[in-house]
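Presented below is the structure to which this report refers.
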Amino acid sequence: MVPVTAPYVAGFLAFREVPVLVEAVQRLQQEEPQLQPQVLLVDGNGLLHPRGFGTACHLGVLTDLPCIGVAKNLLHVDGLARDELHREQVRSLQRSGEAFPLTGTSGKVLGMVLRSHSNSSRPLYVSVGHRVSLGTAVRLVRACCRFRIPEPIRQADIRSREYLRRQPCAPVEGLEAVPASPESKKETELED
DNA sequence: GCGACAG
DNA sequence: ATCTTGTCGC
């Protein structure tokens, strides 16, 4: 079990999850040196990010391993949004493996929208993380998809939940739960 | 002006 | 992300 304190804020996911991911990579290198990953699929974005540096970039720099950002939803950045035009483009993806580039208002290609599986109309948002091209990233992600979610990410998800299911969170030292009361709520409303 | 916006 | 009831299809 690993305590995580930073809250989730869109655009700042790395500050919440990267420390734990780096720790996991280091443990793997130390405890299983014969299992050295050549690339990491990251549950989140890479260049497709408000500051062009999402979790996949962050983790890549800190581990010096090639990283690919794989998001299940579009993060609104550089004019990109889930508007009708975008939905129409997603609908145009018919067969598995079909994709189209995500070009922001700046004109830069920030990632690719990929239909990863024939049975799912919901696409994946693939972007460069570290030391890998966008083309290679899309090819690798597609090759890993037995279902919509790439198997490495899917298995990490399934197994971590399974672990948490039987190892309930232990209370964190020095962190006291504060129930929401009318009084405490009043203190957060700093007006005037 | 407010809300939308990876997990 | 999480919770939750039912439904559809192979």
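A note on names: the letters A, B, ... follow the listed sequences, proteins ahead of strands, and every chain is numbered from 1.
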For [N], take OP1 and OP2 only and decide whether either is under 4.0 Å from a side-chain N or O of [X].
| X | N | value |
| --- | --- | --- |
| A/R82 | B/dC5 | yes |
| A/Y125 | B/dA6 | no |
| A/K72 | B/dG7 | yes |
| A/R161 | C/dT2 | yes |
| A/N73 | B/dC5 | no |

Could you report the tightest heavy-atom contact between [X] and [Y], atom names first, then the distance?
| X | Y | answer |
| --- | --- | --- |
| A/L75 | A/P50 | CD2-CD, 3.6 Å |
| A/Y125 | A/L74 | CE1-N, 3.5 Å |
| A/S127 | A/L134 | CA-CD1, 4.1 Å |
| A/R131 | A/L65 | NH1-N, 4.3 Å |

To the nearest angstrom, how far is [X] atom [atom1] from [N] atom [atom2]?
| X | N | atom1 | atom2 | value |
| --- | --- | --- | --- | --- |
| A/L75 | B/dG3 | CG | C1' | 15 Å |
| A/N45 | B/dA6 | CG | C1' | 5 Å |
| A/D78 | B/dC5 | CG | C1' | 14 Å |
| A/H49 | B/dC5 | NE2 | P | 16 Å |
| A/F53 | B/dA6 | CZ | P | 19 Å |
| A/Y8 | C/dT2 | OH | P | 13 Å |
| A/L21 | B/dG7 | CG | C1' | 11 Å |
| A/L47 | B/dA6 | CG | C1' | 14 Å |

So what does [X] hit on the nucleic acid, given a heavy-atom distance under 4.0 Å: a base, only sugar-phosphate, or nothing?
| X | value |
| --- | --- |
| A/F12 | base |
| A/L74 | sugar-phosphate |
| A/A10 | base |

Inset, instruction - Select one nucleotide: of B/dG7, B/dA4, B/dA6, the one nearest the side-chain heavy atoms of A/D43. - result: B/dG7

Legend entry - Distance-only polar pair, side chains of A/Q34 and A/E32, donor-acceptor under 3.5 Å: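 Yes - a donor-acceptor pair under 3.5 Å links their side chains.
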
Inset, instruction - Under 3.5 Å for both distances, Watson-Crick or G-U wobble, that's the pair rule; now give the dot-bracket for DNA chain B, with | marking pairs to another strand and [ ] for crossing ones. - result: .......

Legend entry - Main-chain N/O of A/S118 paired to A/R115 side chain as donor or acceptor, under 3.5 Å: yes

Inset, instruction - Look at A/E151 together with A/R154 and state whether they make a salt bridge at an N to O cut-off of under 4.0 Å. - result: yes

